[in-house]
Amino acid sequence: MRLSRFPLSTTKETPADAEIISHRLMLRAGLIRKLGAGLYTWMPLGLRVMRKVETIVREEMNRAGALELLMPTVQPAELWQESGRWNVMGDEMLRFKDRHKNDFAYSPTAEEAVTSHVRQDIRSYKQLPINYYQIQTKFRDERRPRFGVMRAREFVMKDAYSFHMDMDSLVAEYYNMRAAYTRIFTRIGADFRAVQADSGNIGGAASEEFHILAGAGEDLLAVSTEGDYAANVEAAITRASGLPAPAPIAAMETVSTPGQKTCEQVSKFMNVPLTGKVKLLVAKAADGGLIGIALRGDHELNEIKAAKHPKIASPFEMAKIEDVQAGFGCEVGYLGPVKCPIEVIADYAAAEIGDFVCGANENNAHLKGVNWGRDCAEPETADLRTIVEGDPSPDGKGTIKLLRGIEGGHIFQLGQKYTKAMNLTVLDEKGEAVTPQMGCYGIGVSRMVAAVIEQSFDANGIIWPDAIAPFRVIVTPIGTDKSQAAKDAAEKLYADLIAAGVEAVLDDRGLRPGPMFADADLIGIPHRIVIGDKGLANSQFEYKHRRAEKAEMIAATVAAVLAKLG
RNA sequence: CGGGGCGUAGCUCAGCUUGGUAGAGCGCUUGCUUCGGGAGCAAGAGGUCGCAGGUUCGAAUCCUGUCGCCCCGACCA
């Protein structure tokens with residue numbers, strides 16, 4: 001490619017509205033352009049990068065035995081009604097009517113479509129297992145699109161769906177996909193981590209997310225300092241220590257705490273650490289009533305875990321303030337488990353402390369020296385809190401540290417959620433109808449481009465890993481106003497590189513060196529060859545890797561350049 | 001969907017308080033000079049000030065409505 005024929009659209013000024021580095025650099029380098037909220041045009045330079053990502057994904061999916069197909073993005077409402085998700089998906093799913101006034105959705109995901117396809121097409125156990133995938137535009141009407149293509153409404157996703165006669169087969173494919181994802185993320189050049197995940201509203205049992213580690217990540221990951229444990233904090237479990245609560249020492253007594261409602265206020269007012277306090281939250285119970293959730297003062301409720309508890313309503317919902325005040329006869333700032341009118345479930349950590357402080361269930365009063373079993377009933381215990389840095393790792397090895405990550409991929413064992421709902425069966429060896437097990441596996445292809453930038457840039461711009469760079473090497477002749485030799489040498493090198501199958505780009509715009517270097521750095525081309533009279537006098541080119549501090553001189557031959565490209 | 005903010009040239013923004021000829025920088029075009037880290041000079045092109053209505057002799061500016069966009073807020077590749 002010649003830059004004289006390629007619209008670079010680079011800019012010096014940082015665009016307004018772009019907060020994170022990848023968004024800024026993608027706009028400045030001219031990779032993408034905004035068309036509307038969460039809607040982006042991929043310009044030629046950016047599209048080259050996304051195609052590279054696609055190619056790696058496609059190669060590895062094919063190698064793993066998955067089969068590419070392409071399903072419609074516009075899908076009839078009937079499909080979604082069949083699975084029950086027409087009502088569940090809410091405003092995130094874009095809906096519209098065709099000329100016959102029939103309802104349609106723009107596909108946010110394709111479990112329904114692929115299940116429908118398999119239902120029509122697959123009859124026999126002999127045809128399973130099978131794994132279909134597509135690389136396609138999806139639309140999710142995010143309540144708040146932001147960070148450019150990182151959280152766009154329209155985006156490109158690789159979505160794969162596998163079907164199996166039994167769980168063993170599903171589990172085997174799950175690990176096959178896990179291995180494929182590991183290869184994909186490695187080839188792309190990302191620093192990533194696979195973590196246990198909550199499966200959200202897609203449903204299903206086991207699931208893991210592949211996160212690209214970056215400070216701008218929207219997800220918090222809990223990772224063991226010593227062992228292999230790694231999980232999204234949403235899903236990270238905490239365990240009971242196994243130690244009994246300490247024996248009571250203090251007698252329980254009431255303390256007047258006028259106006260002290262939050263744990264922090266009470267902790268300060270009474271001069272006790274947050275870890276010595278128990279707070280009581282009130283949620284809607286599964287039976288329609290209210291239920292108390294006791295947490296240690298310094299811990300936070302994990303609503304996902306709470307919703308999974310059999311006695312707590314799902315989806316999780318806090319009780320209405322009025323209902324709580326009516327039930328307890330005091331304001332919510334003074335709740336506690338002693339003489340509590342409703343059942344209390346305690347988080348493990350809250351159940352393991354003694355002589356604690358808690359609300360007195362009367363206004364402007366707290367209790368101190370409280371002990372489970374002595375002053376109130378021994379509570380049922382459960383894992384209900386969000387893991388925090390410094391917690392012991394659930395695998396017993398080391399402690400937990402928190403990292404930030406960008407979710408680039410997600411693999412699920414779905415089970416029979418969709419095959420059952422949509423009545424998909426195949427015949428087994430005995431001629432009996434069996435409902436297949438299903439898995440699904442997604443990669444945010446367009447997001448991946450932004451995520452890689454988040455972990456690979458410097459003050460001058462993007463630094464692409466070779467594997468997804470829009471061009472691998474840029475040839476920059478300088479002094480071309482005076483030197484025909486530099487021009488000729490650059491043309492020759494460019495032609496030789498192309499002939500050698502290298503994706504090279506020639507900066508033949510005839511600009512001054514400054515702007516050429518600035519552009520090359522900004523758009524992140526990994527390798528740069530500068531050709532000028534000074535070097536040519538010694539039969540040398542100048543070579544610089546985008547990450548290198550300084551340039552070095554190499555022989556003015558294609559062979560020498562190819563050797564540098566590796 | 002709640003709370004806050006912004007819509008003026010391709011981009012970044014000033015002008016609005018106190019109504020009266022629409023501006024700057026970057027970018028773009030042309031010419032001359034310059035040429036190893038985003039050059040200088042000169043000349044030029046480019047905007048019905050988001051849209052609609054109202055007030056006024058007169059509206060980018062004041063009022064009303066509307067649309068779009070951004071930021072903060074309990075779940076997504």
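Every chain is numbered from 1, with letters handed out A, B, ... down the list of sequences.
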Provide, to the nearest angstrom, the distance between the CG atom belonging to A/Leu39 and the C1' atom belonging to B/C70. 15 Å

Take nucleotides 30-36 of chain B nucleotide by nucleotide from the 5' end and write B, S or -, depending on whether a protein heavy atom sits under 4.0 Å from the base, only from the sugar-phosphate, or from neither. ----BBB

Heavy-atom protein contacts under 4.0 Å, nucleotides 23-29 of chain B, coded B base, S sugar-phosphate only, - none: --BSS--

With sequence neighbours excluded, residues passing salt bridge (charged side-chain N to carboxylate O under 4.0 Å, His left out) with A/Glu142: A/Arg151

Report the residues that fulfil salt bridge (charged side-chain N to carboxylate O under 4.0 Å, His left out) with A/Arg24, sequence neighbours left out, ordered by chain and then residue number. none

Atom pairs and distances, side-chain donor-acceptor, residues 47-59 of chain A, under 3.5 Å, sequence neighbours left out:
| unit_1 | atom_1 | unit_2 | atom_2 | d |
| --- | --- | --- | --- | --- |
| A/Arg48 | NE | A/Pro470 | O | 2.8 |
| A/Arg48 | NH2 | A/Pro470 | O | 3.3 |
| A/Arg48 | NH2 | A/Glu503 | OE2 | 3.1 |
| A/Arg51 | NH1 | A/Glu54 | OE1 | 3.4 |
| A/Arg51 | NH1 | A/Glu54 | OE2 | 2.7 |
| A/Lys52 | NZ | A/Ala469 | O | 2.6 |
| A/Lys52 | NZ | A/Glu503 | OE1 | 2.6 |
| A/Thr55 | OG1 | A/Arg51 | O | 2.8 |
| A/Arg58 | NE | A/Glu68 | OE1 | 2.8 |
| A/Arg58 | NE | A/Glu68 | OE2 | 3.3 |
| A/Arg58 | NH2 | A/Glu68 | OE2 | 3.0 |
| A/Glu59 | OE1 | A/Arg187 | NH1 | 3.0 |
| A/Glu59 | OE1 | A/Arg187 | NH2 | 2.8 |

When you measure from the side chain of A/Thr10, which nucleotide among B/G38, B/C76, B/C71 comes out closest? B/G38

Qualifying residues under side chain to side chain donor-acceptor pair (under 3.5 Å), relative to A/Glu552, sequence neighbours excluded: A/Lys564

State whether A/Arg144 places a side-chain N or O below 4.0 Å from either non-bridging phosphate oxygen (OP1 or OP2) of B/C71. yes

Using the salt bridge (charged side-chain N to carboxylate O under 4.0 Å, His left out) criterion, which residues pair with A/Arg547? Sequence neighbours excluded. none

How would you list, by chain and number, every residue that makes a side-chain contact (heavy atoms from CB on, under 4.5 Å) with A/Gln325, sequence neighbours excluded? A/Ile321, A/Glu331

Give one of base, sugar-phosphate or nothing for A/Ala235, where a contact means two heavy atoms less than 4.0 Å apart. nothing

Of all of residues 25-34 of chain A, which get a heavy atom below 4.0 angstrom from RNA chain B, listed by number? A/Arg28, A/Lys34

Taking B/A77, B/G37, B/C71 as options, the one with an atom nearest any side-chain atom of A/Asp521 is B/G37

Could you pull out all residues at least two apart from A/Lys158 that satisfy side chain to side chain donor-acceptor pair (under 3.5 Å)? A/Tyr181

Which of A/Glu111, A/Glu112, A/Met89 passes side-chain contact (heavy atoms from CB on, under 4.5 Å) with A/Ser83? Answer is A/Glu112

Across all chains, not counting sequence neighbours, the salt bridge (charged side-chain N to carboxylate O under 4.0 Å, His left out) partners of A/Glu542 are A/Arg528

Close N/O contacts between protein and nucleotides 3-6 of chain B (under 3.5 Å):
none

